[in-house]
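The structure under discussion appears below in the form of C-alpha coordinates.
Side chains included, hydrogens not; waters and symmetry mates left out as well; all remaining heavy atoms used. Predicted, not measured: the structure shown is a model, and the values here were computed from it.
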Amino acid sequence: MRFALFALASSAVFTTLHAQNPAPGQQIDSTQVKARLAEEDRLRNDWPNLQKYSKMNAELPAPAPGEDRVVFMGNSITEIWARYFPTMFPGKPYINRGI
(Lines give C-alpha, C1' and ligand atoms only; values in the text may rest on other atoms or scores of the structure.)
Protein backbone atom coordinates (compact mmCIF):
# COMPACT_ATOMS: atom_id res chain seq x y z
CA MET A 1 0.00 0.00 0.00
CA ARG A 2 2.78 2.43 0.87
CA PHE A 3 4.56 1.67 -2.40
CA ALA A 4 1.38 2.37 -4.38
CA LEU A 5 0.91 5.73 -2.64
CA PHE A 6 4.58 6.61 -3.19
CA ALA A 7 4.36 5.65 -6.87
CA LEU A 8 1.19 7.70 -7.30
CA ALA A 9 2.70 10.72 -5.55
CA SER A 10 5.93 10.44 -7.53
CA SER A 11 3.98 10.24 -10.77
CA ALA A 12 2.00 13.36 -9.87
CA VAL A 13 5.16 15.30 -9.02
CA PHE A 14 6.87 14.21 -12.26
CA THR A 15 3.81 15.15 -14.32
CA THR A 16 3.60 18.56 -12.65
CA LEU A 17 7.30 19.28 -13.13
CA HIS A 18 7.22 18.08 -16.72
CA ALA A 19 4.17 20.24 -17.51
CA GLN A 20 5.87 23.33 -16.07
CA ASN A 21 8.99 23.01 -18.22
CA PRO A 22 8.44 24.02 -21.84
CA ALA A 23 10.21 22.24 -24.66
CA PRO A 24 13.45 23.86 -25.85
CA GLY A 25 12.65 26.89 -27.98
CA GLN A 26 9.00 26.93 -26.89
CA GLN A 27 7.65 30.27 -25.69
CA ILE A 28 6.06 30.49 -22.26
CA ASP A 29 2.60 32.05 -22.39
CA SER A 30 2.40 34.39 -19.39
CA THR A 31 -1.41 34.35 -19.50
CA GLN A 32 -1.44 30.58 -19.06
CA VAL A 33 1.15 30.78 -16.29
CA LYS A 34 -0.87 33.41 -14.43
CA ALA A 35 -4.06 31.36 -14.83
CA ARG A 36 -2.32 28.22 -13.56
CA LEU A 37 -0.86 30.10 -10.57
CA ALA A 38 -4.28 31.56 -9.76
CA GLU A 39 -5.86 28.10 -9.91
CA GLU A 40 -3.10 26.64 -7.73
CA ASP A 41 -3.62 29.46 -5.23
CA ARG A 42 -7.36 28.79 -5.21
CA LEU A 43 -6.75 25.08 -4.63
CA ARG A 44 -4.45 25.84 -1.69
CA ASN A 45 -6.84 28.33 -0.09
CA ASP A 46 -10.28 27.10 -1.17
CA TRP A 47 -9.91 23.51 -2.39
CA PRO A 48 -13.65 22.72 -2.13
CA ASN A 49 -14.33 25.88 -4.21
CA LEU A 50 -16.71 27.35 -1.63
CA GLN A 51 -16.21 30.82 -3.11
CA LYS A 52 -17.32 29.73 -6.60
CA TYR A 53 -20.51 31.80 -6.52
CA SER A 54 -19.35 34.63 -4.25
CA LYS A 55 -19.13 37.21 -7.05
CA MET A 56 -22.50 36.24 -8.53
CA ASN A 57 -24.08 36.28 -5.06
CA ALA A 58 -22.71 39.77 -4.41
CA GLU A 59 -24.12 41.01 -7.74
CA LEU A 60 -27.53 39.40 -7.17
CA PRO A 61 -30.13 42.06 -6.36
CA ALA A 62 -32.53 41.65 -3.46
CA PRO A 63 -35.83 39.99 -4.34
CA ALA A 64 -38.55 42.32 -5.53
CA PRO A 65 -41.46 42.87 -3.14
CA GLY A 66 -43.64 39.75 -3.21
CA GLU A 67 -41.11 37.82 -5.29
CA ASP A 68 -40.65 34.19 -4.32
CA ARG A 69 -37.14 33.16 -5.20
CA VAL A 70 -35.97 29.57 -5.54
CA VAL A 71 -32.35 28.52 -5.26
CA PHE A 72 -31.37 25.15 -6.70
CA MET A 73 -28.53 23.57 -4.76
CA GLY A 74 -26.90 20.31 -5.72
CA ASN A 75 -24.13 18.64 -7.66
CA SER A 76 -22.75 19.14 -11.16
CA ILE A 77 -25.95 17.80 -12.72
CA THR A 78 -27.86 20.60 -10.98
CA GLU A 79 -25.26 23.06 -12.23
CA ILE A 80 -25.79 21.92 -15.83
CA TRP A 81 -29.56 22.49 -15.51
CA ALA A 82 -29.00 26.27 -15.40
CA ARG A 83 -28.79 26.48 -19.19
CA TYR A 84 -32.32 25.04 -19.40
CA PHE A 85 -33.92 27.34 -16.81
CA PRO A 86 -35.25 29.84 -19.40
CA THR A 87 -37.23 27.11 -21.17
CA MET A 88 -38.10 24.99 -18.11
CA PHE A 89 -39.13 27.94 -15.93
CA PRO A 90 -39.89 30.90 -18.22
CA GLY A 91 -40.02 34.20 -16.37
CA LYS A 92 -39.09 32.66 -13.01
CA PRO A 93 -36.26 34.22 -10.97
CA TYR A 94 -34.73 30.83 -10.16
CA ILE A 95 -31.07 30.71 -9.18
CA ASN A 96 -28.74 27.78 -9.72
CA ARG A 97 -25.97 27.06 -7.26
CA GLY A 98 -25.02 23.52 -8.24
CA ILE A 99 -21.40 22.60 -7.68
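Under a cut-off of 6.0 angstrom, the local environment of CE in M56 is crowded, with over 12 non-hydrogen atoms contributed by other residues, nucleotides or ligands.
When all heavy atoms are compared, the tightest approach of Q51 to D46 is N-OD2, 2.9 Å.
Applying the side-chain contact (heavy atoms from CB on, under 4.5 Å) rule to E59 yields the partners K55; only residues at least two apart in sequence or on another chain are considered. Residues that satisfy the side-chain contact (heavy atoms from CB on, under 4.5 Å) test with P61, not counting sequence neighbours, are absent from this structure. Legend: residues meeting side-chain hydrogen bond (donor to acceptor under 3.5 Å, both in side chains) with E39, ordered by chain and number and at least two apart, are R42. When the side-chain hydrogen bond (donor to acceptor under 3.5 Å, both in side chains) test is applied to D68, no partner is found at least two apart in sequence or on another chain.
Using a 4.5 Å cut-off on side-chain heavy atoms (C-beta onward), L60 and R69 make contact.
For an aromatic pair to be called close, the ring centres must be under 6.0 Å apart, and F72 with F85 satisfies this.
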Give every donor-acceptor pair under 3.5 Å between a side-chain atom in residues 92-99 and any protein atom, sequence neighbours left out.
from	atom 1	to	atom 2	distance (Å)
N96	OD1	G98	N	2.8
N96	ND2	T78	O	2.4
R97	NE	N57	OD1	2.9
R97	NH2	N57	OD1	2.9

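Residue L43 is not grouped with residue L37 when hydrophobic side chains (ILVMFWY) are merged at heavy-atom distances under 4.5 angstrom, including chains of intermediate members. The hydrophobic cluster containing I80 does not contain M73, counting ILVMFWY residues as joined when their side-chain heavy atoms lie under 4.5 angstrom apart, directly or transitively.
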Inset, instruction - Could you give me the CA-CA distance, side-chain angles and deciding distance for E79 and K52, then say whether side chain to side chain contact (heavy atoms under 4.5 Å, CB included) is met? - result: CA-CA 12 Å; E79 184 177 29; K52 179 175 184 173; 2.3 Å; yes

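A ring pair (Phe, Tyr, Trp, His ring centres under 6.0 Å) check over residues 35-63, counting only residues at least two apart or in different chains, returns nothing.
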